[in-house]
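Quick one: this structure, given as structure tokens, is what I'll be asking you about.
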Amino acid sequence: MTIFGNVLVTVHFTADYLSRGRSKSFRAITLLGMTNNDVLYISKADAEWWRTAVIYQIYPRSFADGNGDGMGDLKGVTTRLESLQELGVDAIWFSPFFKSPQKDAGYDVSDYKDIDPLFGNLADFDELLARAHALGLRIIVDLVPNHSSDQHEWFQAALKSPKGSPEREMYIFRDGKGWFGRKAPNNWPSVFGGSQWTRITEPNGKKGQWYLHIFDSSQPDLNWENERVRDEFDKVLQFWLDRGVDGFRIDVAHGMIKRAGLPDTKTISTEMGGAKAEADMTIEELEVANPYWGQPEVHAINRRWRKIIDSYNDRAMAAEAWVLPLERMARWVRPDEYNQTFNFGYMFAGWNKEAQIKSIEESFEAFGAVGAPSTWVLSNHDTIRHVTRYGMTGNLPQGDGIGPSYAQPDEALGLRKGRASTAFMLGLPGGAYIYQGEELGLPEHTTLEGKYRQDPTYFRTKGERVGRDGCRVPLPWEAGVNESNGFSSTGESWLPQPDSYKRYARDLQRGIAGSTLELYKRLLKERKEHNLGGGNFRWALEFTDEHSLAYVNNGVAVIANFGPEPVQLPAGEVLVTTQVDLTAEHELEHDQVVWIKLS
Ligand code: NOJ
């Protein structure tokens, strides 16, 4: 079978491929799954930019501080943009910088058409955009439509207005259950801990209705059944498109519609997609089990926005649609919906041979079937940095953070595996995401004290889950120039860096052969040179043995060694390798990856 970027073309089926079929049996895949060297994926020829782009995520609080107050800002980004051009990425996705009380680090927006003073103003944004475009970098902004801040004027008006009023209809208000409505309307759990419902005090001073918030109580969910909400967001999209942005990353693109009647959830899962824990269910069963994730009516909103996007030239939108299995996620990237979506399946696949085979095949199959490229991603601002995940030898008590009392990672092991997994990932056709700092091999801050924590998860679970602050720590730019290693001119930093960050500073790595920064630069350069983003993928059985795994994309063999013994490499020009001293014997050691241009 061959999956083309825009059509599913059956060349021939191997018996094995047929037997795998849908996601349930897919899970049982063994290494025998790699039965031949058929081309599995061919990119669409006239590739739109987003089909192959490498997109760098900037977390504005922590990238670079331009005014010395310890908080990253837009001016700080503008002065450091050249480093991203030098790195070789194609686009930047900014986590939110809109006006916000910052209860969830900007994912609680109080004005969708303005910049938070913490980060600057609209003029700073225009300057940044112009500079980025001049450097050949596209800009994607993060839109948060599932919920607003409770300080948004719409919510404030709703609180002041009576039950049943048009103002309340902007959000999801319900009467409570039981005696005097004291009980929450249903059993839905907040992703950040506790209930999804908070009771308000009515304008007459009495306890009254409850409002829904999938996340923190400062993030009330908007009512997307209400046409006024849809109209308002059309205008928000147009506002930023008119300003010249190249696209959007849409937050919680799977949460906006709730199942009619708001029935109790059958599985009390607080995971973002609510799907990981229920991997044996069909998609339809998942829709019923999680009445607030991935409801089918959300696709009408996707289509409405796609029309807006397509009415401008060359723009794109990416979904944070955290619904698994990938076959389900692929519904968000059907031809008239999102252009691409984060591949959370791949993010958590794990660095081992079997998992890589399964996840890569599943990705090509699911996204290829709807004509979308796959994206590849290992880290972001919600997840433990992958170099740290791979350095954990014991079980992780939680998925989104590591605290000082937990077992600590093996830093060297994590870095080795992290570099290898990135090198394996960046050779794959499709789009790719890089989270700020991973080009430095930056680890998670795993010993951050409670007094510094800001993630609402930490507070809503009373410290039981430490939350995501550890992956959001400001970047080190110049080792030792001050307390923040050059993040700010004053040494201020809204979260303290761990001591190790000094060793990872950009200036120590720039131009140094074998450094992680130079590795990323080389990977991105060769990826572009050989058009791997737009390439054709096949497994390479001829370079694969019991412990190694190889694929060929556009004539470049990408080989990983997962086993203890060194692997003999084929002839050809070594384009890039994670192994700092590739031996004269041309052998690849364990947890190392090499790209070889086949002769
Ligand atoms: C997903 C974002 O990535 C995360 O950081 C945020 O807390 C939630 N959505 C709520 O907006």
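Both backbone and side-chain heavy atoms feed into the values below; hydrogens, waters and symmetry mates do not. If you're wondering where the values come from, they're calculated on a predicted model, not measured in any experiment. Both counts, for ligands and for their atoms, begin at 1 and track the order of listing.
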Report summary line: The ring-ring contact (aromatic ring centres under 6.0 Å, His included) partner of H147 among W154, F215, W224 is F215
Report summary line: Heavy-atom proximity to atom 2 (C) of ligand 1 ranks first, among V252, D108, D251, for D251
Report task. Could you tell me whether F342 approaches ligand 1 through its side chain, its backbone, both or neither, with non-hydrogen atoms closer than 4.0 Å? Result -> neither
Requested in this report: Could you tell me the separation between the OH atom of Y211 and the CG atom of N223, rounded to the nearest 0.5 Å?
Outcome: 15.5 Å
Query raised in the report: Mind checking whether R249 has a heavy atom under 4.0 Å from ligand 1?
Result: yes
Query raised in the report: Can you list the atoms of ligand 1 that are under 4.0 Å from a heavy atom of R468?
Result: 4 (C), 5 (O), 6 (C), 7 (O)
Query raised in the report: With atoms numbered from 1 as shown, which atoms in ligand 1 lie under 4.0 angstrom from a non-hydrogen atom of H147?
Result: 10 (C), 11 (O)
**Report entry** Selection residues 88-103 - residue pairs positive for salt bridge (Lys or Arg N to Asp or Glu O under 4.0 Å), sequence neighbours left out
**Finding:** D90-K528
Query raised in the report: Given D400, which of R389, R465, R468 fulfils the salt bridge (Lys or Arg N to Asp or Glu O under 4.0 Å) condition?
Result: R465
Requested in this report: Mark yes or no for whether D108, through its side chain, and G106, through its backbone, hold a donor-acceptor pair below 3.5 Å.
Outcome: yes
Requested in this report: Measure centre to centre between the rings of F125 and W240, then say whether the value is under 6.0 Å.
Outcome: yes
Requested in this report: Compute the centroid of each ring, for F97 and then for F94, and state whether the two points are separated by less than 6.0 Å.
Outcome: yes
Query raised in the report: Going by the atom numbers of ligand 1, which of them fall below 4.0 Å from some non-hydrogen atom of F215?
Result: 8 (C), 10 (C)
Report summary line: Counting from 1 in the order shown, the ligand 1 atoms closer than 4.0 Å to a non-hydrogen atom of F192 are 7 (O)
Query raised in the report: Of all the heavy atoms in W322, does at least one lie under 4.0 Å from an atom in ligand 1?
Result: no
Query raised in the report: Counting from 1, what ligand 1 atoms have a heavy atom of R472 closer than 4.0 Å?
Result: 5 (O)
